[in-house]
Amino acid sequence: MSTDELCVLPEGVASEVKRLGAAAWRERKTAVERLRELVARADAESLRALSEPLLDGMLSAEAVDGRAACQEVLVAIGPAARDGVLRRLEGADPGRRLLIDLLGQIGDESHVDLLGGIARDAASDPNERAAAATALGALGGEAAEHALRQLLADPSEMLRVHALDALRMTGGAVPVHELEPLLQAKFTRKAAAAVLGSSGEVAALSPLVALLDDAMAGVRATAAISLASLDARLREQGKVGLVGAAMVRVGDGTKANVRHLIEHRDRSVRAAAIVLGGMARDVEAVPLVLEVMDDPLVQEHAMAMVASLGEVAAGALADAAERATGAQREHVLRLLGALPPGQGPVDARLVAALTDGLKEPDEDAAAAAAEALERMGDRSCLGELYRALGIDGRLGEAAADAMAAILRRAGRAAHDDLQLIVGGSWPEQGALARNLCRVVGGLGSQRFAPHLVSVLGSVDMGVRVAAAAALGQLEGEHEGASALSFALADEEPAVRAAACRSLGQLGAPQAVQSLLSAASDPSPLVRSAAVQALVVLDNPVALAKFRAIVAEDPVPTVVVHAIAGLGSSGLEQDLTMLMSLCTSEDHEVVKAAARALARFPVHRATAALLGLLGHLRWDVRWAAAEVLTQRGDVTALEPLRRCHEEEDDELVKQMLEQAISTLQDAGVASQEGG
């Protein structure tokens, strides 16, 4: 860059532009960062002035690194640099390819015709034509995709490949019949296969499955990714299971090709191959999956594969469990945990592997073993699970859930089994006591109520919380309700809150007065839980308390729960209060008020909800539309239609459409009934 070119720029900026061509990469990087900061706050005129020396630097014959640094800043400048790019493209500049690349990054749909013309010009440099095709892909949009599809019939194989790559970049759907000729030529087959997955056409299924047996490994890998993509596109159209049905019918040779891709260096290929292996119900793929499960993405697909294979995978996993060591053992346990509920073990080896897995040092792996035992374990596992109850954290809780599930499957023998394991003296402190409460709660049998009432007086606060929570899960009438009312006087807020929640779960009407007192507790946690319980009990006595909370409580969470309680009263004074709350500055309060208005049939409630459709927050508008859907007031139809036309948020528009459809159906039904 010459001194003359830089003289129009401020001295500091000119020096930074010069540093873009420095030999040291750190100096170039610093200059880029400083110029990007300048770009962020400069006006359009300054940006146009800055773009000129940068364009000259990008097109210079100096070091490539300097040209790349200039281009990076030009991309940050964006639209202000377009005039300079277009002016230089009009000439026969030797750097036209770089200019075309840049236009693809900073241009818009108005430049599609220019780029399309360059790409179609057989007299142009082949590299420039290829760059124009790539730039069209970067721009995207319908016009760019149309221009690229025109290039698919060009005599130049290289241009066709670049056009296909650009179409893959846009994700546009190209009709299968336009791609079929390109699948016949070796030079374009891989690129065409990549685009086929985005077609969304059932017709793409057969050629893609056939490409899994192609002689070229790269084509097979691309076909696998495209098939997984095609499956997703077809599912969006409601065409579920078509790819899976095709994969089930493939031969052993095709399955072997897919298995080979599971070890591919590209993680997206590995993930697609695992998906296809599951669809093909290829149990031989399971051991290979264990080799690549260090990748979280692959791990997710592997678990989905095992879930789809179900019992078919159990035998292979049992074999793998006997051989696995180290990290692979953890992977086996995770995959065993993915077996779907109701799938019994193929043999006792699975249960043994999972029971041993409870001793794994990695908590996630051990918890995965416990979660799998919850679905497939039997009474032989109870002893090891009971030992795991004494471990703090996720493992102990997962073991408790597994024990409860196994005991539920045992039916009437559950009580005796548990008594035999625990013995005559139940623990009252520590993780074992807490998780034992979780087991008893999971069983839901009132026969264990005396034990829970006993540990409700434990010196361990965590045990008291667990016991209070478990009492709410016991069915029928039992002494736990009275004990929970006493627990509302516990010194720990967490215990009092758990007692409130459980009283609500039990639907204990005798606890209303105790809960009303708890609704004035100093702790917001307790007040919130007490109000929630009172709402569940639905006793009119609580209405006065709800009104007082709405008017006086400083904690929005408590107020929100009280508002829900007012929604069932049907009283005029509560309607007035709820309508006034629709103007609250707290959006959570506004949403709660909107939902509470659902049960008030008068038209004033509809008017208040329609007013909320103009709220600044999208979630408030969404909630108002949802409630209008439930109310069935057809007078809201026309205002809803007007709001739908003006709404910008897609989620809100969807809910408005649902409300309009529901109310239209209600109006038709009303006319027919009349």
Side-chain angles (χ1 to χ4, degrees), residues 108-110 139-146 170-173 198 200-201 232-240 556 559-561 563-564 566-570 572 574-674:
D108 58 29
E109 61 182 10
S110 67
L139 290 181
E142 291 184 11
E145 289 174 10
H146 178 72
T170 67
S198 300
E201 292 185 35
R233 290 289 182 106
L234 292 174
R235 286 177 182 274
E236 290 173 1
Q237 302 171 30
K239 301 172 182 177
V240 179
V559 173
V560 164
H561 292 310
I563 290 171
L566 295 178
S568 60
S569 77
E572 181 70 19
D574 294 328
L575 172 60
T576 302
M577 177 175 277
L578 291 171
M579 290 177 66
S580 68
L581 291 171
C582 287
T583 62
S584 170
E585 294 182 0
D586 189 307
H587 65 275
E588 292 297 336
V589 168
V590 176
K591 287 192 291 185
R595 293 187 176 108
L597 286 170
R599 299 187 188 180
F600 288 85
V602 295
H603 183 65
R604 282 194 298 140
T606 300
L609 291 164
L610 289 172
L612 290 178
L613 294 178
H615 200 279
L616 291 176
R617 287 187 60 98
W618 74 268
D619 52 338
V620 173
R621 302 196 301 275
W622 189 94
E626 181 188 35
V627 176
L628 286 165
T629 305
Q630 301 165 3
R631 286 176 51 78
D633 187 345
V634 294
T635 63
L637 256 177
E638 285 308 314
L640 281 168
R641 291 189 180 111
R642 289 195 296 271
C643 290
H644 180 267
E645 292 176 1
E646 299 171 0
E647 180 60 55
D648 294 327
D649 187 275
E650 285 302 318
L651 288 175
V652 179
K653 284 178 77 75
Q654 289 175 16
M655 182 52 68
L656 288 169
E657 289 167 3
Q658 183 177 331
I660 291 168
S661 175
T662 302
L663 292 180
Q664 283 175 336
D665 292 343
V668 171
S670 176
Q671 290 175 357
E672 291 176 349

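Shown here is Gln630, whose CD atom has more than 12 heavy atoms of other residues, nucleotides or ligands within 6.0 Å. The number of heavy atoms from other shown groups lying within 6.0 Å of CD (Glu109) does not exceed 12.
A salt bridge links Glu638 to Arg641: one of the charged nitrogens lies within less than 4.0 Å of a carboxylate oxygen. A salt bridge does not link Asp649 with Arg621: every distance from a Lys NZ or Arg NE/NH1/NH2 to an Asp or Glu carboxylate oxygen is 4.0 Å or more. Residues Glu645 and Arg642 are not paired through a salt bridge, judged by the lack of any N-O separation under 4.0 Å between the basic side chain and the carboxylate.
Shown here for Glu145 and Gly172, the closest heavy-atom pair between the two residues is OE2-CA, 3.5 Å. Minimum interatomic distance between Phe600 and Asp574 (heavy atoms only, all atoms of both residues): CZ-CB, 4.2 Å. The two residues Cys582 and Ala593 have their closest heavy-atom pair at SG-CB, 4.2 Å. Residues Leu663 and Val634 approach most closely at O-CG1, 3.6 Å, considering heavy atoms. Summarising the geometry of Glu201 relative to Leu234, their closest heavy-atom pair is C-CD2, 4.3 Å, with the distance given to 0.1 Å.
Looking at Ser661, its side chain never comes within 3.5 Å of a backbone N or O of Glu657 through a donor-acceptor pair. No donor-acceptor pair under 3.5 Å is formed between the side chain of Ser584 and the backbone N or O of Leu581.
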### Message
Determine whether Lys591 and Glu588 satisfy the following criterion, salt bridge (Lys or Arg N to Asp or Glu O under 4.0 Å), listing intermediate values before the conclusion.
### Response
CA-CA 5 Å; Lys591 287 192 291 185; Glu588 292 297 336; 3.3 Å; yes

### Task
Start with the C-alpha gap between Leu613 and Leu656, add the side-chain angles, then the distance that decides, and say whether side-chain contact (heavy atoms from CB on, under 4.5 Å) holds.
CA-CA 9 Å; Leu613 294 178; Leu656 288 169; 4.0 Å; yes

#### Entry: Steps toward side-chain contact (heavy atoms from CB on, under 4.5 Å) verdict (Val589, Ile563)
CA-CA 8 Å; Val589 168; Ile563 290 171; 3.7 Å; yes

### Query
Given Leu575 and Ser569, is the side-chain contact (heavy atoms from CB on, under 4.5 Å) satisfied, shown in steps?
CA-CA 9 Å; Leu575 172 60; Ser569 77; over 6 Å; no

#### Entry: Worked check of side-chain contact (heavy atoms from CB on, under 4.5 Å) between Asp108 and Leu139
CA-CA 6 Å; Asp108 58 29; Leu139 290 181; 5.5 Å; no

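Applying side chain to side chain contact (heavy atoms under 4.5 Å, CB included) to Arg595 and the options Val627, Leu578, Leu609, Val560 leaves one that passes, Val627.
Applying the salt bridge (Lys or Arg N to Asp or Glu O under 4.0 Å) test to residues at least two apart or on different chains, none of the pairs has a partner in residues 577-587.
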